[in-house]
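Scope of the values below: all heavy atoms of this structure, side chains included, with no hydrogens, waters or symmetry mates.
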Amino acid sequence: MAERRNGTIGRWSAQRSARVATVALAIGLVGLGAARAAAEAGTGADADAVGVAHAEPIADSAADSDAAAVWAVVDTVRPGFLPPPGGVVRPVDLAVLPDGGFLVVDDTLQRAERFDAAGGVVVGYGGVPGDGAFIEAPIGVAVDPARSRAYISDAVGRKVLAFDLGGGLQAAWAGFAQPEAATVGQDGRLYVYDRPKAALAVRRPDGTAEAEITVQRALSFSSELPSGLATSGRGTLFFAAENPVANAANVLYEFSADGAVIPPRTQLRWRMRDISFDAAGEMFVLDWTNRRIVSRLDRQRGEIGRAWPVAGFPVAMAARAADEVFLLYGASPAAPAAVAVVEGGREVRRLPLPRPAGRWFGPPLRLQVDATGRLWVVDELERAVRLTPDGREGDTQFTLHGLQEIVPLGDGSTAVVIRTRSSSSNDAPDDRDAPPPGIRRVSFERYSVRPGADPGIDLTTVVTRTFVTDVTASDTIVAAASAPDADGRGAWVLDRGSSRLHHIVQGISNTIDVATTPLPEASSALEYRDVVALQGGRIGVLHGPTRRLLVVRPDGGAPDAVALDVESALRIAALPDGRLAVLTSGDDVAILAADGRRQAVVPLPRPAGAGNEPASDIAAGPDGTVYVADRLDRAVYLLRAGTGQPSRTGVYLPWVGNEAAR
């Protein structure tokens with residue numbers, strides 16, 4: 001039934017998209033040179049530590065009259081907590097209805113959805129935080145057609161929610177430690193596998209707790225151990241328990257209605273991903289090890305009477321009519337999620353489950369703007385979405401495991417992607433680029449953007465440069481920020497792990513070249529916070545403690561520096577006229593002249609209770625619009641300049657040369 005992974009349980013951390021890379025690049029240097037001149041007078045010891053030469057403007061300053069322009073938040077793009085019904089990101093469980101319709105659980109979108117027999121969406125199940133119907137970590141689903149009811153288990157919320165099939169919440173039953181797989185008996189009783197208790201919890205249709213059937217299996221919280229639970233045509237329960245010991249036998253149990261074990265305990269050497277019974281009472285087992293559906297199993301001897309091969313690795317299974325099995329497939333960059341219907345061993349139809357609406361994105365972490373003004377958002381769900389400049393429409397979306405940064409090149413028909421992976425967090429055997437335990441992999445990848453009815457990235461065009469290291473290695477790549485280069489043909493990546501810039505460009509014979517520029521030494525690499533492309537082919541690197549922009553010159557000489565008239569600068573973007581927009585930890589965006597002088601400060605409409613979590617990123621479009629991503633608000637703010645007086649004047653403490661001294 002459900003994709004029973006304890007990896008799901010910890011996914012709802014606000015920091016789940018923060019990924020650490022530990023990879024060393026042994027490649028040629030494009031350097032800054034060895035010269036480290038003294039910083040300009042009055043900058044303090046920290047300026048010397050980062051080796052700046054002197055301060056100078058990065059472009060001709062904007063006219064002083066521009067300083068009087070009113071900068072303000074003119075619009076907010078907020079896609080809502082959930083996309084409209086019909087979109088699926090990461091399905092984990094499946095239940096089928098007598099009419100051929102089915103329910104799919106999506107643990108990323110924290111909801112379930114009902115589809116008709118043709119794959120059309122009917123209704124959604126769930127809510128938003130604070131709502132009684134909110135499902136924090138949905139992981140299992142079961143249906144009771146006789147009572148027109150659907151049950152969804154919430155592993156983190158420690159409850160099971162009962163909905164009518166029309167989507168209305170009927171009840172929320174507590175008292176579970178970690179409810180996962182679920183099934184409904186012939187008498188309407190609900191059976192739920194409660195992992196920490198190693199028991200099947202029994203509830204009457206009114207929610208009354210009746211019993212707990214002990215499951216004789218070794219407890220494990222490994223994400224590699226799913227469990228299957230189903231009700232047979234005789235009214236007994238079947239439970240597929242995987243042994244956490246490597247190469248040990250897995251066990252298929254049968255229980256009577258009162259919880260007694262019915263012999264034999266069938267031992268199997270292959271992985272039972274799921275089990276289900278069709279209308280004729282035939283049991284089907286999804287064998288992940290051998291990629292097949294098994295039936296007519298001789299439980300005494302463990303012999304298989306019939307096996308149907310399946311494509312790929314379905315994440316869940318449900319049966320309906322005689323010899324009819326439904327398989328749930330997860331989404332990939334190449335194809336959306338789908339439900340395949342298998343009859344008599346042959347797949348007769350495949351029903352795609354569309355991705356969410358084009359303009360929908362999850363909590364945003366990173367922003368980029370291409371040359372046409374289209375906005376690219378990377379969210380904490382490892383998804384990338386491309387929007388029109390006003391954010392009202394979206395046409396490109398895809399999901400990649402470990403996605404950190406995306407840099408659209410040229411007109412946005414090509415993109416550079418930076419990914420970091422430490423291991424498979426998705427329990428997917430066909431996830432070919434998942435590194436083995438203990439290994440960290442950082443990839444710089446170049447894709448073409450696929451147009452058409454299902455836009456995304458074209459996997460056939462991928463060019464990859466990959467760096468691998470042990471997770472305990474001290475020399476690391478930590479991709480903290482990215483920016484397109486001056487001609488739009490490559491990308492700069494700020495490597496906070498070792499104080500370096502990496503320039504990613506297309507090499508000879510469809511390869512990727514990576515050149516490395518060491519940054520001046522700093523007391524901590526964390527002091528480098530962002531990278532930005534400047535006029536004249538120069539690259540700016542934001543150094544937080546000294547409130548300076550280190551300017552890397554294309555001739556490879558010693559870097560210049562521009563003092564920024566801001567406090568607590570976090571991220572930076574360059575406007576087309578050479579001015580700078582700086583995101584601060586004070587929930588403000590400071591607009592600076594090219595020489596670093598402050599012209600205006602715009603307060604951000606952040607949600608109440610934001611606390612110490614600042615907004616996530618900032619970018620500027622070719623028309624001068626400034627965009628700010630706010631993970632906490634699940635929104636993107638649009639800032640533009642008008643006429644009149646500045647909307648607010650910032651008040652800052654005088655700089656004394658060291659953040660710790662303030």
Which residues pass the side chain to side chain contact (heavy atoms under 4.5 Å, CB included) test with [X], sequence neighbours left out?
X: Ala331; value: Ala337
X: Pro83; value: Leu109, Arg111, Pro356, Trp360
X: Ala338; value: Arg350
X: Ala201; value: Phe176

Is a side-chain donor-acceptor pair under 3.5 Å present for [Y] with [X]?
X: Arg158; Y: Gln178; value: no
X: Ser256; Y: Thr236; value: no
X: Arg149; Y: Gln170; value: yes
X: Tyr191; Y: Arg189; value: no
X: Tyr637; Y: Asp630; value: yes
X: Gln404; Y: Thr420; value: yes

Are any non-hydrogen side-chain atoms of [X] and [Y] less than 4.5 angstrom apart?
X: Val184; Y: Thr231; result: no
X: Leu94; Y: Phe326; result: yes
X: Val88; Y: Phe115; result: yes
X: Val417; Y: Arg419; result: yes
X: Phe239; Y: Ile213; result: no
X: Val192; Y: Trp173; result: no
X: Tyr125; Y: Leu103; result: yes
X: Phe284; Y: Asp278; result: yes

* Asked: Could you walk me through whether Leu252 and Leu297 pass the side-chain contact (heavy atoms from CB on, under 4.5 Å) check?
  -> CA-CA 11 Å; Leu252 180 64; Leu297 177 66; 3.9 Å; yes
Whether [X] side chain and [Y] backbone form a donor-acceptor pair below 3.5 Å:
X: Glu113; Y: Gly86; result: yes
X: Ser616; Y: Leu365; result: no
X: Arg204; Y: Thr208; result: no
X: Asp617; Y: Leu367; result: yes
X: Asp379; Y: Phe361; result: no

* Before giving the answer on salt bridge (Lys or Arg N to Asp or Glu O under 4.0 Å), spell out for Asp106 and Arg90 the whole-Å C-alpha distance, their side-chain angles and the decisive distance to 0.1 Å. => CA-CA 5 Å; Asp106 189 325; Arg90 190 157 180 262; over 6 Å; no
What is the minimum heavy-atom distance between [X] and [Y], and which atoms define it?
X: Ala118; Y: Leu351; value: O-CD2, 3.7 Å
X: Ala635; Y: Thr76; value: CB-CG2, 3.8 Å
X: Asp194; Y: Ala177; value: OD2-N, 3.0 Å
X: Ala334; Y: Leu459; value: CB-CD1, 3.5 Å
X: Ser276; Y: Ala230; value: CA-CB, 4.1 Å

* To do: Take Val156 and Asp154 through the test side-chain contact (heavy atoms from CB on, under 4.5 Å) and record every step on the way to the result.
  => CA-CA 6 Å; Val156 170; Asp154 182 347; 4.1 Å; yes
* Checking salt bridge (Lys or Arg N to Asp or Glu O under 4.0 Å) for the pair Asp395/Arg386: CA distance, chi angles, key distance, verdict? -> CA-CA 6 Å; Asp395 65 350; Arg386 184 175 69 174; 2.8 Å; yes
* To do: Evaluate the salt bridge (Lys or Arg N to Asp or Glu O under 4.0 Å) criterion for residues Glu212 and Lys197: first the C-alpha distance (whole Å), next the side-chain angles of each, then the deciding distance (0.1 Å), finally the verdict.
  => CA-CA 9 Å; Glu212 289 186 349; Lys197 295 181 180 180; 3.2 Å; yes
Can you measure from [atom1] ([X]) to [atom2] ([Y]) and round to the nearest 0.5 angstrom?
X: Asn290; Y: Arg271; atom1: CG; atom2: CZ; answer: 12.5 Å
X: Leu169; Y: Asp131; atom1: CG; atom2: CG; answer: 8.0 Å
X: Arg366; Y: Leu403; atom1: CZ; atom2: CG; answer: 11.0 Å
X: Ile304; Y: Leu268; atom1: CD1; atom2: CG; answer: 7.5 Å

* Checking side-chain contact (heavy atoms from CB on, under 4.5 Å) for the pair Ile152/Val160: CA distance, chi angles, key distance, verdict? -> CA-CA 6 Å; Ile152 301 171; Val160 172; over 6 Å; no
* Could you go step by step and tell me if Arg299 and Glu254 meet the salt bridge (Lys or Arg N to Asp or Glu O under 4.0 Å) rule? -> CA-CA 10 Å; Arg299 294 185 52 232; Glu254 182 178 11; 2.9 Å; yes
* Answer yes or no: is there an ion pair linking Glu613 with Arg631, defined by an N-O contact shorter than 4.0 Å? => yes
* Aromatic ring pairing Phe277/Phe238, orientation class (parallel under 30°, perpendicular over 60°, tilted between) ->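 The arrangement is tilted - the two ring planes meet at 30° to 60°.
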* Asked: Within a reach of under 6.0 Å around CD of Glu393, are more than 12 heavy atoms found that belong to other residues, nucleotides or ligands?
  ->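 Open.
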Ignoring hydrogens and angles, write down the donor-acceptor pairs under 3.5 Å from the side chains of residues 310-323, residues two or more places apart or on other chains.
| unit_1 | atom_1 | unit_2 | atom_2 | d |
| --- | --- | --- | --- | --- |
| Arg320 | NE | Glu324 | OE1 | 2.6 |
| Arg320 | NH1 | Pro98 | O | 2.8 |
| Arg320 | NH2 | Glu324 | OE1 | 3.1 |
| Arg320 | NH2 | Glu324 | OE2 | 3.2 |
| Asp323 | OD1 | Arg306 | NH2 | 2.8 |
| Asp323 | OD2 | Arg306 | NH1 | 3.2 |

Atom pairs and distances, side-chain donor-acceptor, residues 161-168, under 3.5 Å, sequence neighbours left out:
| unit_1 | atom_1 | unit_2 | atom_2 | d |
| --- | --- | --- | --- | --- |
| Asp164 | OD1 | Gly166 | N | 2.8 |
| Asp164 | OD1 | Gly167 | N | 3.0 |
| Asp164 | OD1 | Gly168 | N | 3.0 |

* **Candidate pair Ile139 and Asp107, rule side-chain contact (heavy atoms from CB on, under 4.5 Å), full reasoning** => CA-CA 6 Å; Ile139 194 170; Asp107 74 337; over 6 Å; no
* Asked: Centre of Phe81's six-membered ring, under 6.0 Å away, within 45 degrees of the axis: is that where NZ or CZ of Arg634 sits?
  ->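 Because its charged atom sits under 6.0 Å from the ring centre and within 45° of the axis, Arg634 does stack over Phe81.
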